[in-house]
Structure formats: C-alpha cells, structure tokens
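Chain letters run A, B, ... following the sequence lines, proteins first and then strands; every chain starts at 1. When reading the values below, keep in mind they use all heavy atoms of this one structure, side chains included, and skip hydrogens, waters and symmetry mates.
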Number of protein chains: 2
Amino acid sequence: MGSGHGAAGKLKYQRIAEELRSAIEAGEYEPGDRLPGENDLMTLHGVARMTVRQALSVLRSEGIVEARKGAGVFVRAFRPLRRRGIQRLASERWAAGRSVWSADVDDRRELVVDGVQVTQEEAHERIATVLGVEPGAPVWARRRRYLLDGKPVMSAASHFPAGLVAGTAVLLPDPGPGGVYARLAEAGHAPAHFREELRTRMPSAGEADELRLPSGTPVILITRTAFTADGTVVEVNDMVLDAASYILEYEFDA
Amino acid sequence: MGSGHGAAGKLKYQRIAEELRSAIEAGEYEPGDRLPGENDLMTLHGVARMTVRQALSVLRSEGIVEARKGAGVFVRAFRPLRRRGIQRLASERWAAGRSVWSADVDDRRELVVDGVQVTQEEAHERIATVLGVEPGAPVWARRRRYLLDGKPVMSAASHFPAGLVAGTAVLLPDPGPGGVYARLAEAGHAPAHFREELRTRMPSAGEADELRLPSGTPVILITRTAFTADGTVVEVNDMVLDAASYILEYEFDA
DNA sequence: CAAGCCAAGTTCTCTAGACAGGTAAAGTGC
DNA sequence: GCACTTTACCTGTCTAGAGAACTTGGCTTG
C-alpha cells in the first residue's frame, strides 16, 4: 500500500537525494551543517558530477538545503515569525489548544523597518480597481521593507487615495505611535474592516533578490484592503513575504 | 534604475530563460501553448543541450512552464479557486472595493470529494498537543481529498478526540447536510471559534504526487483548530493545498 | 600583531555526446 | 471508417571532463 515513492526511487539521482534527505531528517546533519561536497558524493556513489548535482538540486528545490558557491551545501533552518491577521487576541479562553507550530517560533526577535519611501504616483490598473478610483488618478504610495536579524523577510507597498491623505501624517516616513491606521483615524477615516487575500507562488527574479531568497523558497503575496465604516476603501497594502520566515494566523468566530 | 537583474543576465542559460520568460509575459505564448523544443533552442542559440535544459529548469522552478515527457514544454495556467476563511460574508457593504485577483478566479467550477477514509488511530505527538490529550490517546481521523475538474487540489485530515465523536454521524463517510460541524453541534459540541495557521513550502515527494503537482508549485499547509464555546478543542484539521489552485481570503473587523 | 596575499577546495557553467522512455501523429490492415 | 502498429519526435537520465567564479583559512609581509 501507500505505493511508496518514499521507498526506493530507482533513479541514481533520486537514490542519492533520498539518502541525504533521510540523513537530514534523522538528524545526522543539523541546520547549518555542511553536506558532503560534490566530489565526495561522486566518488562515494561512483557517478558523474552532473548526476550528483541533479540530486542536490532536488533538495535545493525542496528548500531543505542551500548551496553557497565556493563553500558547500548547507542544511537550512526554519525559524519563522508568527503573524496574526486579527490582532485583538484577547480571547484567553482559547489558550487550551496550543498553537500548532509553536515549537518553531521565536517571537523574541524583532522586526525593523528598512527603507521607507513615500511617493505620489498615478494609480495603475489593479490598484485603481481595488481603490475604486480611475486608472491614472493620483495616489500616494508608501513602500518599505522589514528586516529580521538583518535579513529581509517582507516588502510592502501601501496605496492611498490622494484626496484622503494629502497633508496628513500618513505620508511621513515615521507615522508615529499606532502607525498609519491611527493617523487615518485622526483624519476621520478610521479603518473599520479589513480583507486579506493571499496567494503563494515561486518568486520572480526581482522578488528573490529583494528578499535575498535562496532558491526553493516560495513567497506569500498578501493584499490587505482597509475599509472605513461606510465602506470606503482607504488603503490597499500589497505585501510580499518570505514564506520560510512566516507562519500566518487567523482567528474568527463561527 | 533599481539595478537590474531583469536586464541582461550575462550567463547563457539566464539569457535564454529571460528571453522565453518575457515572450511568455508579452503573450507570445499563451497558457497551454508549447514552447520551442530543446533541439530548436540548441540550434537557435548555438549551445549544448544541458544549457538549454538549465534555462528551461529555471522556468519550471518558477512555476511558469511545465514539461511533459515526450511531448514538450508548455505554459502553465493560473486559474485558482477562492477559499473564504470566514463564511458569514453577509457584509454587502464592503462590495465597493473589488477583490484583488478576481479576474483570475472562476467560481463556477465545483469541488468534489474523492476518497474518504475514517479510521481510529493513536494520537501522535503533534495532534495530541493541539487536541489537548495524551500522546497515544485514541482519536478518530477523517481523511479525504478534493478534486477540481478531476485534478486533486487539496488533501485534508481531520482529527477528533475519540470520546466526543464515538457513535455519531461525524464518522460516517458522508456526514450529511451541514457537514461534520453540523453533526458536532447536534452532539452538543458546536464549534464556536476557529483558529487557522498557515505556512507555505515546497512539497515533499509524497505531497507532490498525491496532488499531482508539477515541479515549481508550492503547497499551502493550513491547520484549522475548532473550539467549542467553553474552549474545548473538538477538531484539528490539517490541510495541504496546491498553491496554484487557491486564493485564500480572510475578512475581519478592526 | 595586523593586513594583505595566495592556494586549496568548492560550487557553477558549459560542452558533446549516448541511450532510455514516453507521446502523438502518420500509416497500415481489416 | 475503425483499430492497431509503426515511426518520428521529444524530454529524461547519465557520462567525462574543463575552465570560471567564489570562499576560506593559512601564509607571508610589513
């Protein structure tokens, strides 16, 4: 039963990949450890270099190892942040069931904002539709990147209708305590409702080097739309997350 | 500016990949179309076959093309389903801001359940912690797969504490109208609160062939924990989603 | 002792081929 | 016209080797 797939793998490169993979899972190699080099694996298994490389490329595209040119192939670690979609987590009573991947999470580390850029732009197609304005209408864009231990883990671009935010502190590099939502509220446009849409795919070349992603790491695309109480859209926030750095959490009632 | 990466790409395989990628983005090749074969690209660019293959492997791992042995390399389509985390979407008033990727979504197609298996098992470590029972304690597992147009797009495994569901319709292959949650409610364990935790990574070999994923497709792992009003955990549902088949949506109030 | 250089070791790129195995269309026979 | 076979084409696997690019640690030099 089960058929297998896990079992043998008749192909040479699959057998080599399988052997390394199970060695890693067994803990023979820990995160950060270096695997045997291509030359070692060649002589060890008696195969050509390209065959060894194909085996390693399997593991790389599975995201469990990472090659550093000139140095070797290393086992990757998975130490994600937890991102809570719904902040008001006052519900102490749900504490009974523990979080699923809690063991992996290290919440003591902190995110720092990297390079804030606030610019006025013309709304392109997609932003215009979501924001409910004409394509080409003036919007303000607020772009920034978040670093964790110096490594970028997310880049984000918020868009606001120009009329709503002109002259407000929303457009300052540092919007102050409470962030842009607090400033929007002061301007009479308090967000009352949010929609987040998520999808996942492999990164484009540009995304990969902006987040410094090794190959084998997907990205998560989140678009958050913020509505005021009367249904006006006040912000569209496009985020690109390093999938290996995040666990997302949403809580809601039946 | 922005430096480039998009620009040249001095390496041969990068240039070939770049050329094909931009041809696809320009619409020269539409979803389902066949790209020039390896032999064509060899003579066209005057390079060895392995070089062409490396170029194509870039596009494959980006998830934008898919190779079928003996047939050729084809441009992949992206036609996801929309999965709403919070069902009570009565909020007509938010309709102003349109959904972000709505153009891609085709909601007329329908999911069908594939192979339901209900078995009694001993809770292993992770399930036990979340469910709040001892490891090895009896639990009921309900596994199934969802197909869209015959293609598997999700596999799911729900776990219930044995004491709560023994003898109820929760364990029937077809739990009837309203699904297992309706049956849980009838048994006096109505779910009142949910937590969903998401993460994303490249699939293992087993996941890849259960969902028949071409390489370059990540999976989304969702664990939903269902709580009753008094905080008891009644279900832990582990889902594995084909990332190319889903857009996830969560709505909530400030 | 510090700074810079150098060499060994490593992965990455690329070549030129050979055979295996799957696909799909053309052709053949009934 | 239908079913079957053949055949051309295509991607997958693998070999053997060479040079480029990069990292690291040891060595030399000031």
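Distances from the side chain of Tyr13(A) to the nucleotides dC14(D), dC14(C), dT15(D) place dC14(D) closest. The side chain of Ala48(B) has dA16(C) as its nearest neighbour among dA16(C), dT11(D), dT13(C). The side chain of Glu38(B) sits closest to dT11(D) out of dC14(D), dT11(D), dC12(C). Candidate nucleotides dC14(C), dT23(C), dT11(D) were compared by shortest atom distance to the side chain of Met50(A), and dC14(C) ranks first. Counting only heavy atoms from C-beta on, Lys12(B) has its side chain closest to dT15(C) among dT11(D), dT15(C), dC12(C). Nearest to the side-chain atoms of Arg53(B) among the listed nucleotides dT11(D), dT15(C), dC12(C) stands dT11(D).
Regarding His45(B), its NE2 atom lies at a distance of 16 Å from the P atom of dA16(C), rounded to whole Å. When rounded to the nearest whole Å, the span between CE of Met42(B) and C1' of dT11(D) equals 13 Å. Per the geometry, CD1 belonging to Ile16(A) stands 12 Å off C1' belonging to dT13(D), to the nearest Å. dG12(D) atom C1' lies 16 Å from atom CD of Gln54(B), rounded to whole Å. What separates CZ of Arg15(A) from P of dC14(D) is a distance of 10 Å, to the nearest Å. At whole-Å resolution of the value, CG in Leu56(B) and P in dG12(D) are 8 Å apart. Taking atom CZ of residue Phe74(B) and atom P of nucleotide dC9(D), one finds them 16 Å apart after rounding to whole Å. What separates NZ of Lys10(B) from P of dA20(D) is a distance of 15 Å, to the nearest Å.
One finds a side-chain N or O of Arg34(A) lying less than 4.0 angstrom from the OP1 or OP2 phosphate oxygen of dT10(C). Residue Thr51(B) has no polar side-chain atom (N or O) positioned under 4.0 Å from OP1 or OP2 of dT13(C).
Between Arg49(A) and Gly46(A), the residue anchored nearer the 5' end of DNA chain D, judged by the nucleotide with its closest heavy atom, is Gly46(A). If you find the closest nucleotide of DNA chain D to Gly72(B) and to Gly70(A), the one lying nearer the 5' end belongs to Gly72(B). For the pair Val73(A) and Lys69(B), nearest-nucleotide mapping onto DNA chain C gives the more 5' position to Val73(A).
Residue Arg68(B) is classed as a sugar-phosphate contact, given heavy-atom separations below 4.0 Å to backbone atoms only.
Salt bridge status for Arg212(B) with Glu207(B): absent, with no side-chain N to carboxylate O gap under 4.0 Å.
Taking CZ from Arg21(B) and CD from Gln14(B), the interatomic distance works out to 9.0 Å, rounded to the nearest 0.5 Å.
Of the listed residues (Val73(B), Leu41(B), Asp40(B)), just one forms a side-chain contact (heavy atoms from CB on, under 4.5 Å) with Leu35(B), and that residue is Val73(B).
Remark: Arg195(B) fails to qualify as a cation-pi partner of Tyr250(A) under the 6.0 Å distance and 45° angle criteria applied to the six-membered ring.
Using a 4.5 Å heavy-atom cutoff, the side chains of Leu241(A) and Arg83(A) are in contact.
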